[in-house]
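One structure is given here, and the rest of the page talks about it.
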Amino acid sequence: MKFDLSTSVSAGLPFHTVASLKERLAWLTNLRWIAIISLIFCVPVADIMFQYKIGFVEITNIAVILIIINILYFFIARYFPFKNEYQELAFLELQILTDLLIISFVIHYSGGIGNPFYFLYIVQVILSGIIFPGKFLPYFNAIFAAILLTIWTILEHLVMVERYLLRNEPASLAIIVTSLLAFYITNFAGIYIINNFMSGYRSLKKIIDQKNVQLEKAIKDRSRTFRFAAHELKSPMIAIQSTLDVVKSLFSDDLRPEVKDMVFKAERRTSQVIDMIKEMIAVTQYNLGMEKPVIQKVDLDEWLWSNVSHHKEYANKKNIELIYNHPPFPVMIIIDTNGFEKVVSNLVSNALRYTLPGGKVIIEIFVSDFSYGFLVKDNGIGIPKEDMEKIFEEFYRSKNAREAEQIGTGLGLNLVKEIVEHYGGEISVTSELGKGSEFKVEFHIDEKHSYNSESEIPENSFSLQP
Ligand code: ADP
């Protein structure tokens, strides 16, 4: 299972995450750049085309102030990381308030209530309704916007500040009152609707998050039960195996051939069941997070070969040719050797188990300009077309595999996929029924992360980091 801190639920604020707040900070910054560009373009257009009598110089100055503020905010967000979501929310509120103030000045210098763009306040109010949980800040911002517009309108109407007009005549009192009413209604209806919608959305998100936590707990509980059962089974099975071993080595000469055959078969099956139990224990151990990753820089060739060679004995016993093709140059990688040992072990043992005696299993590393990884190929029983996707699901075993190998858990490939994808890789399979299968574990080379320091890279080698 992949856990990503940036998308996890924060303890205090159910809706917010560091990532979602960062996204909203970016919205505000981008909106401000759009506003700056619009101001810079609109001012000469309004001047030349419409000959408005508005404060062009003042509006240009505001555009410059906005540029400075936006750069400042950008640097604060980038170089002074916030310690928690509350600090980040405070920073967002500061931005909303300054934006509302700046809008109020722009509206004043561009015609006051006579300029229909005074509805721009509502954009900020709606944004704050989306960003902030609860009612306080969204309504506070809506009231702040209404107060700003009202104060400027009163000051302009009473000519206590210089008036900038879009039209030749200042707006009549009736128009002013109607416009203010229209603004209040839209402003408060807007924040009411968005706040209701967002609180519904947040409650739903909270329920989903809680269910997710419950689901994860249920999966862990299941793994624990599974693990307990596997542990309980292991000791008696090992005892049976030892007894059969003793019978085989001490009394095999005294046994009738058909009894001897049965003892040998029973011993083989027991050892398969023990392998299965060990796999169940390994899988549940990983799912319960009991296995810590061991991140190491290794020579992929050396490391892979040493893992593949553990399977030589079984391959010989089953009379399968186990071929390992060394790459022509060293490939240095940084991986979780603990996790990937399971990946290699599962893929190679599957290839050997699902290949008939006399067959071949080939393992090789590949490196291209865009990706690298390794292949495990066999000329075994193959996988039916309709099962190609299903084999990565827990407990799924295809019919031909069950016939060829009665013992199996259907857990190995699921774990392999989980580990590979956890580290950003991909696992794919191509297969033809009766002809064989090819499993490919692939990592895409990300320019940003591919190379370590120059000095660390041996000549003629790759240094890759999944
Ligand atoms: P198990 O091998 O214990 O059944 P896995 O999860 O490792 O469980 O594999 C799931 C299924 O995928 C297998 O039961 C089999 O149907 C199919 N499979 C995996 N590897 C191979 C292979 N190399 N050749 C054919 N079938 C395979």
Side-chain angles (χ1 to χ4, degrees), residues 1 219 222-223 226-227 229-230 233-234 237 268-287 304 307-308 310-312 314-315 318-324 339-364 373-422 425-442:
M1 204 163 295
I219 292 173
R222 192 197 60 174
S223 289
F226 214 57
R227 190 174 148 71
L233 278 171
K234 198 174 154 192
M237 287 313 295
R268 243 194 340 268
R269 279 286 148 80
T270 317
S271 97
Q272 283 174 332
V273 173
I274 291 173
D275 284 347
M276 193 176 99
I277 291 172
K278 281 184 186 157
E279 186 177 322
M280 277 161 68
I281 292 175
V283 169
T284 48
Q285 199 148 310
Y286 191 85
N287 286 344
L304 190 59
N307 278 283
V308 169
H310 296 154
H311 299 265
K312 266 192 332 205
Y314 179 72
K318 207 177 161 184
N319 188 28
I320 292 174
E321 200 181 345
L322 183 62
I323 303 166
Y324 179 83
F340 278 89
E341 265 163 34
K342 291 183 180 53
V343 171
V344 176
S345 163
N346 268 296
L347 293 178
V348 178
S349 82
N350 275 353
L352 293 169
R353 282 164 65 221
Y354 299 118
T355 298
L356 302 176
K360 261 188 207 162
V361 169
I362 304 170
I363 293 103
E364 64 192 26
F374 61 89
L375 303 167
V376 179
K377 304 188 244 184
D378 65 60
N379 60 357
I381 60 170
I383 302 163
K385 242 196 181 100
E386 62 278 13
D387 287 347
M388 296 286 259
E389 284 299 315
K390 294 189 201 145
I391 55 168
F392 293 99
E393 291 169 13
E394 266 184 326
F395 305 113
Y396 193 84
R397 305 195 68 216
S398 52
K399 191 165 172 275
N400 65 335
R402 275 182 274 132
E403 282 161 6
E405 274 281 329
Q406 286 173 346
I407 308 276
T409 57
L411 288 172
L413 281 185
N414 182 265
L415 181 72
V416 165
K417 189 171 159 68
E418 207 166 275
I419 297 174
V420 172
E421 289 180 355
H422 177 79
E426 265 172 38
I427 170 127
S428 55
V429 56
T430 48
S431 182
E432 208 176 320
L433 199 58
K435 295 244 166 94
S437 313
E438 177 178 311
F439 284 83
K440 183 178 191 183
V441 172
E442 184 172 20

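Atoms within each ligand, like the ligands themselves, are counted from 1 in listed order.
Of all atoms in ligand 1, numbered sequentially from 1 with element shown, those under 4.0 Å from a heavy atom of A401 are 14 (O), 15 (C), 16 (O). In summary, the atoms of ligand 1 found under 4.0 Å from a heavy atom of G408, numbered by their order in the structure, are 3 (O). Taking every non-hydrogen atom of L411 and a distance limit under 4.0 Å, the qualifying atoms of ligand 1 come out as 6 (O), 8 (O). Residue-ligand proximity, A351 to ligand 1, at heavy-atom distances under 4.0 Å covers atoms 23 (N).
In terms of protein heavy atoms, atom 16 (O) of ligand 1 is closest to S398 OG, 2.5 Å. Scanning all protein heavy atoms for the shortest distance to atom 4 (O) of ligand 1 gives R397 NE, 2.6 Å. For atom 23 (N) of ligand 1, the closest non-hydrogen atom on the protein side is D378 OD2, 2.9 Å. At the top of the distance list for atom 10 (C) of ligand 1, counting protein heavy atoms only, stands Y396 O, 3.4 Å. When hydrogens are left out, the protein atom nearest atom 7 (O) of ligand 1 is N350 ND2, 2.8 Å; that is the closest non-hydrogen contact. Residue, atom and distance of the protein heavy atom nearest to atom 2 (O) of ligand 1 are Y354 OH, 2.7 Å.
V429 and M388 get closest at one heavy-atom pair: O-CE, 3.8 Å.
Under a 4.0 Å N-O distance rule, the pair E405/R397 does not qualify as a salt bridge. With salt bridges taken as basic N to acidic carboxylate O contacts below 4.0 Å, one links R222 and E394.
Residue I381 has no N or O atom closer than 3.5 Å to an N or O atom of ligand 1. Considering both main-chain and side-chain atoms, R353 comes within under 3.5 Å of ligand 1 through a nitrogen or oxygen pair. At least one N or O atom of G410, backbone or side chain, sits closer than 3.5 Å to an N or O atom of ligand 1. Every N/O-N/O distance between E279 and ligand 1 stays at or above 3.5 Å. Here's the thing with T409: one of its N/O atoms is less than 3.5 angstrom from an N/O atom of ligand 1.
A donor-acceptor pair under 3.5 Å is formed between the side chain of N400 and the backbone N or O of G382. A donor-acceptor pair under 3.5 Å is formed between the side chain of N346 and the backbone N or O of K342. Looking only at distances, a side-chain donor or acceptor of R353 sits under 3.5 Å from a matching main-chain atom of I407.
Heavy atoms of G380 stay at 4.0 angstrom or farther from ligand 1. In this structure, N346 has no heavy atom closer than 4.0 Å to ligand 1. Using a non-hydrogen distance threshold of 4.0 Å, E405 does not register as a contact of ligand 1. Residue F392 places every heavy atom at 4.0 Å or more from ligand 1.
With hydrogens and angles left out, the side-chain atoms of S437 and S431 include a donor and acceptor closer than 3.5 Å. For the residue pair Y396 / D387, a side-chain donor-acceptor distance below 3.5 Å is found, with atom types taken as modelled. Under 3.5 Å, the side chains of T409 and E279 contain a donor-acceptor pair of N or O atoms.
Atom-to-atom distance recorded for I381:CD1 and T355:OG1 is 8.0 Å, nearest 0.5 angstrom. Taking CD from E321 and CG from N379, the interatomic distance works out to 9.5 Å, rounded to the nearest 0.5 Å.
With sequence neighbours excluded, no residue satisfies side-chain hydrogen bond (donor to acceptor under 3.5 Å, both in side chains) with S345. Taking the ring pair (Phe, Tyr, Trp, His ring centres under 6.0 Å) definition, one finds that Y324 meets it with W305, H326, sequence neighbours left out.
The side chain of F439, and not its backbone, has at least one atom closer than 4.0 Å to an atom of ligand 1 (non-hydrogen atoms only; side chain from C-beta on). Of the heavy atoms in S437, only side-chain atoms (C-beta onward) come closer than 4.0 Å to ligand 1.
Of all the listed residues (L415, I391, I383), I383 holds the heavy atom that lies closest to atom 25 (C) of ligand 1. Relative to atom 6 (O) of ligand 1, the option among V429, V416, N379, L413 with the closest non-hydrogen atom is L413.
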Point to revise | Step-by-step side chain to side chain contact (heavy atoms under 4.5 Å, CB included) determination, F395 to L411 | key: CA-CA 5 Å; F395 305 113; L411 288 172; 3.7 Å; yes
